[in-house]
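Written out below as structure tokens is the structure these notes cover.
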Amino acid sequence: VGIVPSAVYRHFHNKSAIIAAVLTMIVARMQHNVREVVKENTDSLNAFRKLLMRQIKLVQEFMVIPHILFSEEVYSENPALKTKLHDLINGFLSALAALICRGQKEGTIRPDLDPLRVATMFLGLFQPSAFLYHLSGGTFDVVKQVDISWKLFSSVIKRDGKKRSGQLSES
């Protein structure tokens, strides 16, 4: 970025403080994406689709995200960073679960699904693809893969319109 290390360390005590700030920024952007799609969309399924595309855009803009999230510093060298990442991701999952609950109330998402489990599955739509995108140096077609994953995911969580007033049939 064109600055000397001493300039960075005027603002951060050490490498762990820098990584903690980056983790906070990444998850803040992810949570911002949730808030924005909720404001823009009255249909929760549509909000999830738009959120997925925003997450992919975030990965494409900041290819360093997987490198930081899966770094030794976070996973084994600094337990405080591991705990911070865990807490930040759980906050993001809670925001997703709230959006799922909203979809269940509006009748677009199946009511028999556990919101936190569906939120965790949603992470699985873009995290592996983001990792492959990073490993390939940006050549992996992350948009195509996420589009395929979205079609499967949405077909599983979508509530069938014919069953809104009655009970869900056995699958």
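Not measured: the values here are computed from a predicted model.
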Supply the atom-to-atom distance [X] [atom1] to [Y] [atom2], rounded to the nearest 0.5 angstrom.
X: Ile109; Y: Cys101; atom1: CD1; atom2: SG; answer: 9.0 Å
X: Asp141; Y: Leu132; atom1: CG; atom2: CG; answer: 11.5 Å
X: Asp160; Y: Lys158; atom1: CG; atom2: NZ; answer: 8.5 Å
X: Leu125; Y: Arg49; atom1: CG; atom2: CZ; answer: 10.0 Å
X: Arg159; Y: Leu45; atom1: CZ; atom2: CG; answer: 12.0 Å

Nearest heavy-atom pair of [X] and [Y]: which atoms, and what distance?
X: Ala130; Y: Val142; answer: N-CG2, 4.4 Å
X: Phe12; Y: Ala21; answer: CE2-CB, 3.5 Å
X: Met30; Y: Leu58; answer: CG-CD2, 3.8 Å
X: Pro115; Y: Ala97; answer: CB-O, 3.7 Å
X: Val38; Y: Arg102; answer: CG1-NH1, 3.1 Å

Hydrophobic cluster identity match, Ile56 and Ile148, side-chain contacts under 4.5 Å: no
Could you tell me if the side chain of [Y] sits less than 4.5 Å from the side chain of [X], heavy atoms only?
X: Leu51; Y: Leu96; result: yes
X: Val59; Y: Gln55; result: no
X: Thr24; Y: Lys84; result: yes
X: Val143; Y: Met53; result: yes
X: Val34; Y: Phe92; result: yes
X: Leu23; Y: Ile19; result: yes

field: Pair Ser44-Lys105, side-chain donor/acceptor within less than 3.5 Å
entry: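 Side chains of Ser44 and Lys105: no pair found under 3.5 Å.
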query: Would Leu81 and Leu85 satisfy side-chain contact (heavy atoms from CB on, under 4.5 Å), going step by step from the backbone distance to the final call?
result: CA-CA 6 Å; Leu81 284 176; Leu85 179 58; over 6 Å; no
- prompt: Does Phe131 CZ have over 12 foreign heavy atoms under 6.0 Å away?
  reply: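 No, because the 6.0 Å sphere around CZ of Phe131 holds 12 heavy atoms or fewer from other groups.
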task: Using modelled atom types only, decide if a donor and an acceptor are shared between the side chain of Glu73 and the backbone of Lys15 within a distance under 3.5 Å.
output: no
- prompt: Judged by atom type as modelled, is there a donor-acceptor pair below 3.5 Å linking the side chain of Gln104 to the main-chain atoms of Leu113?
  reply: yes
Selection residues 40-60 - residue pairs positive for ring pair (Phe, Tyr, Trp, His ring centres under 6.0 Å), sequence neighbours left out: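 Non-adjacent pairs meeting ring pair (Phe, Tyr, Trp, His ring centres under 6.0 Å): Phe48-Phe122.
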- prompt: Glu40 and Asn46: side-chain contact (heavy atoms from CB on, under 4.5 Å), yes or no, with the steps?
  reply: CA-CA 10 Å; Glu40 295 168 3; Asn46 192 41; over 6 Å; no
- prompt: For Asp147, which of Gln145, Lys144, Lys151 qualifies under side chain to side chain contact (heavy atoms under 4.5 Å, CB included)?
  reply: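 Result for side chain to side chain contact (heavy atoms under 4.5 Å, CB included) with Asp147: Lys151.
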message: Does Ile89 form a side-chain contact (heavy atoms from CB on, under 4.5 Å) with Leu123? I'd like the steps, not just the answer.
response: CA-CA 10 Å; Ile89 295 296; Leu123 282 182; 4.1 Å; yes
